[in-house]
Amino acid sequence: MEKEQKPAEVVEKPEAPLSDQAAAALEAELLQGADEYLGEESSSEAAPETPASTPQTPTSEDLAEDTSLTAASDVDNPQLKEASDDDEDGMALMQQFMDGYTESQTRYEIGEAITATVVSIGKQFVFLDVGSKSEASIPLEQTLDEDGIPPAIGDTIEAFIVNINQGNLELGKHLPGTDDAMLALEDAHENQIPVEGAVTGTNKGGLEVTVFGKRAFCPISQVELRFVEDPKKYVGQTLKFRIAELKEGGRNIVLSRRALLEEAQKAEASKIWDRVEEGADFDGTVQTIKDYGAFIDIGSGVQGLLHVSEMSHQRVDNPRELLEEGQQVRVRIIKYSPENDKISFSMKVLQRDPWDEAMEKFKVDSIVTGTVGRLQPFGAFVELAPGIDGLVHISQVSHRRINHPKEVLTVGDTIEVKVKSFDRDKRRIGLSLKEISTEGLPPSVEGGVSQGKVLKGIVDKLEEFGIFVRLPDNKRGLLPNAELLAPRGSDLSRVHPPESEIEVMIQSIDPGSGRIRLSQKAIEREKQQREFQEYRQQSSKKEKAAAGFGTLGDLLKNIDVKK
């Protein structure tokens with residue numbers, strides 16, 4: 001009769017890292033279970049004593065206190081349940097399991113940085129899943145945040161391996177102190193594990209720090225990512241450092257805090273770069289301000305340029321009038337070049353566009369009020385509303401000819417202008433000042449402009465064929481060379497310079513085109529004719545007077561009669 005097989009006892013392994021004693025007990029239970037599975041009597045021996053674990057390793061008492069640990073054991077291997085009755089197959093399966101268990105213990109090295117997931121939290125330790133058959137733990141006090149709050153199950157923790165005990169990983173945020181300070185320093189230097197140091201003072205070169213009871217030095221350039229203005233503010237603080245140099249048996253120790261900050265910044269920057277794309281919005285900090293724009297840091301040293309033209313819908317001449325270093329701003333990426341990691345930001349795209357309301361507010365032919373913002377040789381820019389500028393072309397500034405708008409306008413003047421044109425797509429508004437202003441107009445003439453009228457105009461433009469003259473009522477006429485009084489070949493720019501006053505006669509007005517022909521000679525001819533008529537009239541009077549006197553004999557007779 002075949003002997004009834006007794007199933008192997010399934011031993012649940014606690015989720016927490018095992019001490020030496022616990023590991024030995026586990027191995028004995030495995031052997032016992034394998035013997036019973038093979039039908040043999042249990043002959044396990046007492047587990048050999050193991051050296052005491054370090055203070056950081058959780059003991060069996062710690063495991064008993066941490067009643068919240070309920071992780072399933074890797075020992076619950078389904079392959080054991082499906083093994084055949086063959087002794088060799090069973091032993092081979094057992095050996096395969098033990099080989100895999102031992103192999104998993106040698107995958108990590110002291111000083112290696114790993115990321116693990118919190119699976120349970122005890123009174124003294126936090127237990128972590130490192131994604132293999134190895135277990136990991138870290139002292140609870142090293143996982144608390146600034147407010148003393150521990151992590152939650154499922155959170156990830158980045159830490160360093162400070163010890164490996166039979167496959168169980170003992171983690172720490174930095175290298176803990178040991179009785180042998182030199183050994184600890186060498187271990188930290190060799191494995192690049194962060195250490196804690198108390199800043200005791202300063203000197204010209206940097207900070208004086210005490211690490212494991214030994215005096216160390218941190219250069220001022222290695223304290224922060226940026227230059228430190230006042231190193232004395234660190235005195236009395238306990239900071240984390242990396243040992244950059246360890247020489248002369250611990251008499252020359254050079255530390256670097258910047259190395260740790262750069263590593264943290266690089267890790268954080270990698271997360272930010274993953275989010276960088278055109279159209280993405282970020283909260284940033286103004287780092288530096290230049291005349292052409294400002295550099296914005298969106299976190300961990302990731303910076304881009306906010307050009308002055310992208311700061312506001314209003315014109316910004318000086319970025320320092322709008323921004324200051326350290327100011328928090330909201331920006332959007334409008335251009336990103338992955339090949340050189342160049343980023344261009346914009347603030348104005350996040351602001352309401354004032355042109356959305358401008359078309360209704362500034363209709364063509366309406367009269368509006370604005371402020372002269374800039375003067376250019378070609379015209380004057382007038383601010384009609386925040387972010388809305390219009391242009392008064394130089395030809396629309398004055399009725400008289402000018403060479404620059406500054407002859408009439410001054411920056412800051414408040415003026416009324418007429419809207420001549422509005423282009424929403426190009427964001428342009430054409431304005432006119434002279435259409436609602438009398439600036440540059442010559443005095444008005446009674447009766448207006450009519451043929452034969454003699455009046456005074458303003459020389460507007462000199463041409464080879466004559467002179468264009470501005471007339472009252474915003475009229476313009478041509479005074480041909482043939483009608484000038486100046487001798488042929490004269491320098492008209494000296495005889496009749498632009499903007500000078502000139503007397504002309506309206507010789508003719510074309511009813512169809514409205515062209516006006518002027519003349520100076522007509523005035524002269526009229527004057528001569530008038531003088532000739534006056535001369536003839538005076539001559540006629542003299543002749544009549546002479547005829548009334550009679551002859552000389554008659555005069556003598558009259559004299560005699562009177563006697």
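Shown here is E339, whose CD atom has more than 12 heavy atoms of other residues, nucleotides or ligands within 6.0 Å. In R320, the CZ atom is crowded: over 12 heavy atoms of neighbouring residues, nucleotides or ligands sit closer than 6.0 Å. Counting heavy-atom neighbours within 6.0 Å of K348 NZ, excluding the residue itself, gives a total above 12.
E499 has a carboxylate O that lies under 4.0 Å from a charged side-chain N of R470, or vice versa, which qualifies the two as a salt bridge. In summary, K361 and E357 do not engage in a salt bridge, as defined by a charged side-chain N under 4.0 Å from a carboxylate O. Using a 4.0 Å cut-off between charged nitrogen and carboxylate oxygen, K461 and E463 count as a salt-bridge pair. Under 4.0 Å is where a charged nitrogen must lie from a carboxylate oxygen, and between E224 and R257 at least one such pair does. Using a cutoff of 4.0 Å between basic side-chain nitrogens and carboxylate oxygens, R315 and D389 are not scored as salt-bridged. Salt-bridge check for K240 with E196: failed, with every basic side-chain N at 4.0 Å or more from each acidic carboxylate O.
Taking P319 as the reference, I289, V308, M311 meet the side chain to side chain contact (heavy atoms under 4.5 Å, CB included) condition, with sequence neighbours excluded. Listed by chain and number, the residues in a ring pair (Phe, Tyr, Trp, His ring centres under 6.0 Å) with F295 amount to none (sequence neighbours excluded).
Looking at E262 and L225, their side chains come closer than 4.5 Å, going by heavy atoms from C-beta outward. Proximity of L462 to S493: side-chain heavy atoms (C-beta onward) are separated by under 4.5 Å at one or more points. Looking only at side-chain heavy atoms (C-beta outward), L140 and F125 stay at 4.5 Å or farther from each other. For the pair V211/I253, no side-chain contact is recorded, criterion being any heavy-atom separation below 4.5 Å from C-beta on.
A centroid separation of less than 6.0 Å is found between the aromatic rings of W355 and F422.
The backbone N or O of F127 sits nowhere less than 3.5 Å from a side-chain atom of S120 that would complete a donor-acceptor pair. Between the side chain of N191 and the main chain of A188, no donor-acceptor pair closer than 3.5 Å is present.
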What pairs of donor and acceptor atoms, side-chain ones from residues 322-331 against any protein atom, are under 3.5 angstrom apart with sequence neighbours left out?
unit_1: Q327; atom_1: OE1; unit_2: E324; atom_2: N; d: 3.1
unit_1: Q328; atom_1: OE1; unit_2: T285; atom_2: OG1; d: 3.4
unit_1: Q328; atom_1: NE2; unit_2: T285; atom_2: OG1; d: 2.9
unit_1: R330; atom_1: NH1; unit_2: D283; atom_2: OD1; d: 3.1
unit_1: R330; atom_1: NH1; unit_2: D283; atom_2: OD2; d: 3.2

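Checked by atom type, the side-chain pair S300/E268 shows no donor-acceptor distance below 3.5 Å. When only modelled atom types and interatomic distance are considered, R242 and Q222 share no side-chain donor-acceptor pair under 3.5 Å.
Both tests pass for R374 against the ring of F381: distance under 6.0 Å to the centre and angle within 45° of the axis.
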